[in-house]
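Okay, so here's the structure we're looking at.
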Amino acid sequence: MNAPDKMIASASRRNWLKAAGTIAGLTLVAGPSGLVMAADAVKYGGENMAGGVVDDALVFLSIGFDGIVTIVSHRSEMGQGIRTSLPMVVADELGADWAKVKVRQAPADEARYGSQDTDGSRSMRHSFRAMRHVGATARLMLETAAAARWNVPVGEVKAIDHQVVHAASARALGFGELAQAAAKLPVPPRAAITLKAADQLRYIGKDDKRGIDLHDIVTGNTHFGIDTRLEGMSYAVIARPPVFGGKLKSVDKSAALTVPGVLRIVELAGSPPPAMFHPLGGVAVIASNTWAAIKGREALVLEWEDGANGAYDSQAFRATLEAAVQQPAKPARDQGSTVETLGAAPARRKLSAQYYLPHLAHATMEPPAATVRVVNGKAEVWACVQAPQATRSNVAKALGLAFEDVTVHVTLLGGGFGRKSKPDFAVEAALLSQAMDGKPVKLTWTRDDDLQHDYLHTVSVERLEASLDAKGMPTAWLHRTAAPTITSTFAAGASKQAPFELGMSAINVPFAIPNIRVEVPEVAAHTRIGWFRSVSNIPHAFAIQSFAAELAHAAKKDHRDYLLDLLGPARRIDPKELSDGWNYGEDPARYPVDIGRMRHVIELATAKAGWGRKLPKGRGLGLAVSYSFVTYVAAVIEVEINAAGEVIVPRVDIAMDCGPQINPDRVRSQIEGACIMGISLAMSGEISFKNGRVEQSNFHDYAVLRAADAPRVIHTHLVPGTLDMELGGVGEPAMPPIAPALCNAIFAATGKRIRALPVGMQLAKKA
């Protein structure tokens with residue numbers, strides 16, 4: 001931004017503050033609403049995130065004399081297309097030619113760029129208005145510069161297609177010709193900034209702009225975390241304690257040091273739980289190449305102290321969870337008289353079921369990788385991270401450096417799903433560079449490392465019970481949810497799901513039932529637990545949507561019709577009425593739970609899927625709906641069970657209402673990806689433990705869906721939205737309804753209920 005051929009502000013911030021009481025140059029800083037909020041006002045959305053929201057055009061936009069517009073992307077790209085979508089919003093408001101736009105990835109700097117965490121399906125939700133304002137501000141300044149040069153009113157000129165034109169005199173100037181003059185202008189007041197009307201937009205909401213990185217990704221010309229190469233770089237892998245909380249007892253390095261290419265062996269201290277983003281400790285092998293490091297690690301003779309989790313057994317722990325949900329627990333939501341109503345109901349009018357989901361691994365296609373060098377008391381990090389600021393602060397703390405002396409370069413991510421929000425791997429690389437006297441070291445996690453030392457998705461048992469009236473509709477609903485909590489990663493002894501976890505489809509179940517009670521037994525954590533795509537919505541939605549189908553079957557009613565009756569009439573519900581004070585961090589007044597929208601996605605998905613059509617024997621349709629990340633999604637899955645009991649998915653129909661779709665192509669891609677991932681996890685996803693150790697080691701025993709087993713067709717149906725609507729999330733909301741829709745379809749095809757995941761071999765025919 002400081003290069004002389006860039007559009008840069010010549011007026012200082014201090015001078016502009018004196019002149020106009022705002023910020024100078026192409027600089028605007030405010031919340032997405034543009035309103036100054038009282039100091040004690042409740043903040044929501046992006047304003048409540050660390051770093052807040054920045055819409056400073058000087059930060060996000062520059063124009064060269066050649067007319068090339070460079071737009072900064074401050075969120076991490078992991079396949080969701082945000083490096084295209086956010087700059088596309090800026091370019092559209094600016095009036096830029098997309099072919100003349102370049103995108104630059106922001107380094108970690110929340111003070112400059114605002115919140116940079118790429119999680120929670122909120123990158124576009126929190127940044128859309130800010131990025132529109134960046135583009136609109138720069139557009140007005142270019143128009144003002146052109147009007148001054150031509151001595152005409154600014155209202156007579158217009159920025160379009162990478163130039164500013166004065167139609168009355170048929171004059172035009174390119175953006176590059178105006179950039180320097182525009183940069184010298186004071187920033188117009190906020191009230192003067194006008195966003196384009198919907199019919200003036202060329203990119204937002206359209207499908208015709210290819211991903212900015214697409215060609216480079218396809219041709220292998222991009223930079224992922226694992227691709228970093230620096231002069232004089234060494235390569236490392238680490239042997240970590242096989243049990244969470246364990247530590248090194250002894251190591252014999254002699255054989256490893258004889259492996260060709262091995263340079264040094266470094267012992268890393270671990271830290272007792274809670275894990276936070278600390279390295280697990282262990283023994284690192286640093287070598288001249290990764291293969292030598294791996295072979296050196298294999299030659300180590302290691303002895304470990306397993307510690308408190310050495311007896312962790314996932315089958316035994318499942319029994320612990322199942323016992324926990326059999327006993328009353330403290331309620332997180334208690335509406336009406338659930339206990340009394342259930343107690344008074346005759347056995348013939350009660351139904352209960354229990355559901356189990358195992359630990360799940362993120363299994364990103366690119367395992368964690370980071371490169372660090374430390375020179376003259378300053379550290380540089382290259383890493384595939386979702387949380388650049390946390391990476392920066394944790395590396396600084398680990399190395400004993402000042403925060404400002406650490407630079408984090410964010411590479412492309414070969415998948416993230418929440419795993420790369422935890423930058424323990426970058427801290428490991430930093431410690432190894434320090435051990436090598438500051439020389440650059442690239443640390444690579446192998447697939448085995450990734451599966452056996454992940455921040456896993458939590459294991460869960462969900463018990464549901466309902467009493468029914470004469471028409472088969474629930475009069476009371478009891479849900480006990482037992483799962484180790486993510487907060488155990490950050491607080492010692494945490495044993496109860498946090499409000500944000502319960503606010504993911506458990507306490508905020510929106511059914512029109514007079515008596516609802518959700519209880520939360522306390523259970524301990526025995527491994528690292530972290531954010532995962534859709535997080536606690538996965539077990540909660542699986543249980544609730546499966547149980548709703550069981551209730552419909554017991555009532556001898558069509559599942560779709562029964563689900564609509566459960567939801568009741570269209571209405572908007574304040575999340576607080578559902579005991580949900582979190583609501584994904586969004587303002588409940590702007591984001592109520594809208595039953596009309598939920599009903600509509602059910603009706604849309606079932607209509608498109610041909611719900612009720614006659615199917616051959618061994619085929620069935622399954623339905624599920626979910627509200628998550630302030631978006632509404634319904635899925636209808638068709639399954640075929642062949643003679644061997646194998647599950648084939650000929651077709652999936654998914655309807656999503658996320659408000660306006662800024663980049664519809666990427667919305668559809670994320671829905672399709674969530675569908676495939678959801679089916680993969682439901683069919684084969686399981687991390688199990690024996691003697692505290694993960695039993696799986698690679699894709700041969702932690703299978704991910706292969707192309708041959710993927711759905712033959714995935715139809716996505718997007719509910720149209722207008723730009724005056726609030727944006728919902730996209731990356732995660734399509735995941736929660738997939739597993740229950742799949743298992744409901746299996747029941748429709750076979751009559752067999754699947755209440756424990758993965759489906760695996762439960763349908764296999766016995767020889």
query = What residue among Phe244, Phe532, Phe689 forms ring-ring contact (aromatic ring centres under 6.0 Å, His included) with His359?
reply = Phe689
ask   = So how far is it from Thr118 OG1 to Leu413 CG, rounded to the nearest 0.5 Å?
value = 8.0 Å
inquiry  = What's the separation between atom NE2 in His457 and atom CG in Leu357, rounded to the nearest 0.5 Å?
reply    = 8.0 Å
inquiry  = Measuring from atom NE2 of His278 to atom CZ of Arg528, what distance do you get when rounded to the nearest 0.5 angstrom?
reply    = 11.0 Å
key: Cation-pi geometry met for Arg318 and Tyr356 (6.0 Å, 45°)   = yes
key: Student check: side-chain heavy atoms of Ser393 and Phe403 closer than 4.5 Å   = yes
message = Classify the ring geometry of Tyr312 against Phe317: parallel below 30°, tilted from 30° to 60°, perpendicular beyond 60°.
response = perpendicular
inquiry  = Taking Val406's backbone N and O only, do any of them form a donor-acceptor pair with Arg392's side chain (distance below 3.5 Å, no angle check)?
reply    = yes
query = Hey, does the side chain of Lys496 reach the backbone of Thr485 with a donor-acceptor pair shorter than 3.5 angstrom?
reply = no
request  = Examine Trp477 together with Phe547 and report whether their ring centres are nearer than 6.0 Å.
outcome  = yes
request  = Kindly check if the number of other-residue, nucleotide or ligand heavy atoms within 6.0 Å of NZ (Lys253) is above 12?
outcome  = yes
query = Using a distance-only test with no angle check, is there a side-chain donor-acceptor pair under 3.5 angstrom linking Thr481 and Glu462?
reply = yes
query = Do Gln696 and Glu686 have a side chain donor and acceptor closer than 3.5 Å?
reply = no
note = Between the NZ atom in Lys442 and the CD1 atom in Ile226, the distance rounded to the nearest 0.5 Å is 6.0 Å
request  = Taking atom types as modelled, find out whether Glu428 and Trp445 have a side-chain donor-acceptor pair closer than 3.5 angstrom.
outcome  = yes
remark   = The reported gap from NE2 in His479 to NE2 in His540 (rounded to nearest 0.5 angstrom) is 5.5 Å
task = Examine the side chains of Ser495 and Glu522 and answer whether a donor and an acceptor come within less than 3.5 Å of each other.
result = yes
key: Worked verdict on Asp424 versus Tyr455 for side chain to side chain contact (heavy atoms under 4.5 Å, CB included)   = CA-CA 10 Å; Asp424 57 319; Tyr455 286 80; 3.7 Å; yes
ask   = Checking side chain to side chain donor-acceptor pair (under 3.5 Å) for the pair Glu303/Ser250: CA distance, chi angles, key distance, verdict?
value = CA-CA 5 Å; Glu303 188 177 1; Ser250 68; 3.2 Å; yes
